[in-house]
2 protein chains.
Amino acid sequence: MRTPTGPAGSGDISAPVAADARGARGIPDATVARLPVYLRALTALADRGIETSSSQELASAAGVNSAKLRKDLSYLGSYGTRGVGYDVEYLRYQIAREIGLTQDWRVVIIGIGNLGTALSKYGGFTSRGFRIVALVDGDPSRVGERHGELTIGAVDDLPDLIRELRISIGVISTPGGAAQEVADRLVKAGVTSILNFAPTVLSVPDDVEVRKVDLSTELQILAYHEQRKTQAVTQL
Amino acid sequence: MRTPTGPAGSGDISAPVAADARGARGIPDATVARLPVYLRALTALADRGIETSSSQELASAAGVNSAKLRKDLSYLGSYGTRGVGYDVEYLRYQIAREIGLTQDWRVVIIGIGNLGTALSKYGGFTSRGFRIVALVDGDPSRVGERHGELTIGAVDDLPDLIRELRISIGVISTPGGAAQEVADRLVKAGVTSILNFAPTVLSVPDDVEVRKVDLSTELQILAYHEQRKTQAVTQL
DNA sequence: TAGATTGTTAATCGATTAACAATC
DNA sequence: TAGATTGTTAATCGATTAACAATC
């Protein structure tokens with residue numbers, strides 16, 4: 001099904017690697033979305049001093065079933081041992097490498113309102129291979145304001161900041177109306193990964209990856225289910 | 001495929017309703033997740049004074065293709081007119097009703113740190129049928145602190161707050177370590193819809209709906225794709 | 001060796017898409 | 001009526017799951 005694309009993959013790491021799975025790449029989207037969850041579960045197990053874990057145990061910690069977990073991991077290679085389970089530290093490293101967390105990713109946040117400020121202070125990023133290296137806001141009166149180690153820059157500074165600080169990910173936390181223009185500027189400056197918190201559908205070229213986090217959409221989905229529950233009782 | 005469950009659905013609204021689709025209910029998850037996006041697109045069109053819209057136009061505004069949009073809308077009923085398109089205001093109302101936005105949903109935020117504070121100030125909720133009616137924090141020294149019209153309560157106050165303020169949705173923005181306990185308390189107090197921002201897999205009963213928003217997971221997914229792109233160039 | 005658990009296969013399920021008959 | 005566009009069908013695609021042979 002998967003089209004082999006010749007010699008792909010990063011430098012070979014000594015490991016019992018299913019050459020095929022590695023070479024072919026193209027891990028399913030649904031699997032990619034779960035790898036960070038597995039990573040976190042493994043880190044939690046490691047913190048508790050656990051060295052080996054079965055797919056059953058790991059799956060339970062990640063909130064999925066074990067068949068799905070094994071299937072997911074099989075796309076990365078054969079990192080388990082039959083009859084035994086997975087070496088926690090080893091698997092953790094393999095997943096981190098697959099995601100690309102062996103390097104640091106540099107992030108700019110555009111839009112330093114309530115949410116942008118919260119994101120800039122959020123510790124969870126830093127600890128996981130991401131570094132916020134620049135803050136930008138469209139309001140000229142905010143430019144120059146200090147936030148911890150960083151100073152808010154102007155939107156016009158974006159191209160320079162991105163080049164000089166080798167930024168590869170842009171986080172948009174502006175009001176909806178400004179989001180598309182910011183995205184355009186990011187793309188123009190060469191950024192191909194965007195995390196969008198603005199309530200706006202962005203249009204970007206095909207090679208740009210956009211993830212959207214929409215707070216009120218999430219609440220609306222909950223509301224739909226909540227309504228269904230109460231309707232079942234309040235039936236006319 | 002869908003099992004008809006007898007007379008379901010809220011009070012009949014005069015409308016050209018496909019009784020079957022309405023009665024059967026059980027709209028696919030993927031469709032439910034897109035309804036808020038359509039709703040927003042319709043609102044934007046209405047604001048621009050547009051009264052009628054084709055599936056093509058609407059789909060483009062929502063960032064999907066028109067086949068998917070029509071299929072999605074077909075689960076709600078037949079609200080369009082062949083040869084013409086959809087009446088923007090009418091469709092907007094039907095989707096809002098389907099999601100349950102004709103009523104106000106009352107929300108409590110637990111964990112008033114950077115993110116919780118940002119969420120409490122975020123205007124996007126209020127305008128879309130959600131009202132944050134209570135703030136709670138686990139740190140006793142924060143209890144009593146005023147945030148706009150609200151005062152931070154203690155975690156022990158949760159049961160009373162939920163009952164008295166008729167809260168149906170809980171938003172968890174605590175540190176990861178506290179999230180499960182907070183979820184347990186919410187569930188105990190009868191909340192069956194949770195939006196979880198903590199980096200923790202929650203375990204809850206089957207009838208409780210949990211949506212998870214995980215900021216560093218999103219960045220990790222971007223990193224995976226970003227890595228793949230640069231690898232294609234930096235090939236060994 | 002016997003017991004345990006992975007990695008993989010194959011079946012199933014749900015979501016997407018193209019195409020077109022129905023109908024305004 | 002002719003043109004436009006929906007609502008639906010059927011094909012395709014991708015994701016999930018159960019089951020078990022491989023193997024530690």
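Each chain gets a letter, A, B and so on, in the order its sequence line appears, and its residues count up from 1. It should be emphasised that the depicted structure is a prediction, and the values quoted were computed from it without experimental measurement.
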Trainee: Would you kindly give the OH-to-P distance between B/Tyr86 and D/dA4, to the nearest whole Å?
Mentor: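 In whole Å, D/dA4 P and B/Tyr86 OH are 18 Å from each other.
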
Trainee: With the side chain of A/Ser54 defined as its heavy atoms from C-beta on, choose the nearest nucleotide among C/dT6, D/dA10, C/dA15.
Mentor: C/dT6

Trainee: Please pick, from D/dT6, D/dA15, D/dG7, the nucleotide with the shortest atom-to-atom distance to any side-chain atom of B/Ser78.
Mentor: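 The answer is D/dG7, which lies nearest to the side chain.
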
Trainee: In whole angstroms, how far is the C1' atom of C/dT5 from the CD atom of A/Glu57?
Mentor: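 After rounding, the reported distance stands at 13 Å.
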
Trainee: Under 3.5 Å, is there any donor-acceptor pair linking the side chain of B/Arg82 to the base of C/dT23?
Mentor: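 Such a pair does not exist between side chain and base.
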
Trainee: May I have the distance from A/Asp72 (atom CG) to D/dT16 (atom P), rounded to whole angstrom?
Mentor: 7 Å

Trainee: Under the side-chain hydrogen bond (donor to acceptor under 3.5 Å, both in side chains) rule, what do B/Asp72 and B/Tyr38 come out as? Steps first, then yes or no, please.
Mentor: CA-CA 10 Å; B/Asp72 283 341; B/Tyr38 300 155; 2.5 Å; yes

Trainee: Centroid-to-centroid, A/Tyr79 to A/Tyr86, below 6.0 Å?
Mentor: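 Distance test on ring centres: not under 6.0 Å, no.
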
Trainee: Can you measure A/Tyr75 atom OH to D/dG14 atom P for me and round it to whole angstrom units?
Mentor: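 For the pair A/Tyr75 OH and D/dG14 P, the rounded distance is 11 Å.
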
Trainee: Both distances below 3.5 Å, Watson-Crick or wobble geometry, any strand: find the nucleotide opposite C/dC13.
Mentor: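 WC or wobble partner is D/dG14.
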
Trainee: Under 4.0 Å between any heavy atoms, over every strand shown, what does A/Ala30 touch: base, sugar-phosphate, or nothing? Just pick one.
Mentor: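 Sugar-phosphate contact only - A/Ala30 comes under 4.0 Å of backbone atoms but never of a base.
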
Trainee: Among D/dT16, C/dG7, D/dT8, which is the nearest nucleotide to the side chain of A/Lys68?
Mentor: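 Selected nucleotide: D/dT16.
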
Trainee: Where the side chain of A/Thr81 is concerned, which of D/dC24, D/dG7, C/dT6 is the nearest nucleotide?
Mentor: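 Per side-chain heavy atoms of A/Thr81, the pick is D/dC24.
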
Trainee: 5'-most contact on DNA chain D: A/Asn65 or B/Val84, nearest heavy atom basis?
Mentor: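 That would be B/Val84.
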
Trainee: Using whole Å, what does the distance between atom C1' of nucleotide D/dA15 and atom CG of B/Asp29 come to?
Mentor: 13 Å

Trainee: With a sphere of 6.0 Å drawn around CD of B/Glu51, does it hold more than 12 non-hydrogen atoms of other residues, nucleotides or ligands?
Mentor: no

Trainee: For C/dA22, give its Watson-Crick or G-U wobble partner with both distances under 3.5 Å, or none.
Mentor: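 Checking every strand shown, C/dA22 finds its partner in D/dT5, with both distances under 3.5 Å.
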
Trainee: In whole angstroms, how far is the P atom of C/dT6 from the CG atom of A/Leu73?
Mentor: 9 Å

Trainee: In terms of side-chain heavy atoms, does A/Thr200 have a donor or acceptor partner in B/Arg40 at a distance below 3.5 Å?
Mentor: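 A/Thr200 vs B/Arg40: no donor-acceptor pair found between side chains.
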
Trainee: Looking only at side-chain N and O atoms, does A/Ser55 offer a donor or acceptor that is under 3.5 Å from a partner on A/Arg70?
Mentor: yes

Trainee: Select one nucleotide: of C/dG7, C/dT9, D/dA10, the one nearest the side-chain heavy atoms of A/Lys71.
Mentor: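 Nucleotide nearest to A/Lys71's side chain: C/dT9.
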
Trainee: Does either side chain, that of B/Glu226 or that of A/Thr192, offer a donor lying less than 3.5 Å from an acceptor on the other one?
Mentor: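 Present: a donor and an acceptor within the cut-off.
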
Trainee: So, is A/Arg34 close to the D/dT16 phosphate, meaning a side-chain N or O under 4.0 Å from OP1 or OP2?
Mentor: yes

Trainee: OP1, OP2 of C/dT6 versus side-chain N and O of A/Ser55: anything below 4.0 Å?
Mentor: yes

Trainee: Round to the nearest Å and state the distance from B/Leu91 atom CG to D/dT5 atom P.
Mentor: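 Distance check: B/Leu91 CG to D/dT5 P gives 16 Å.
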
Trainee: Can you tell me the distance, in whole Å, between the CG atom of A/Leu76 and the P atom of C/dT6?
Mentor: 15 Å

Trainee: A/Arg70 or B/Gly80: which one's nearest nucleotide on DNA chain D is closer to the 5' end?
Mentor: B/Gly80

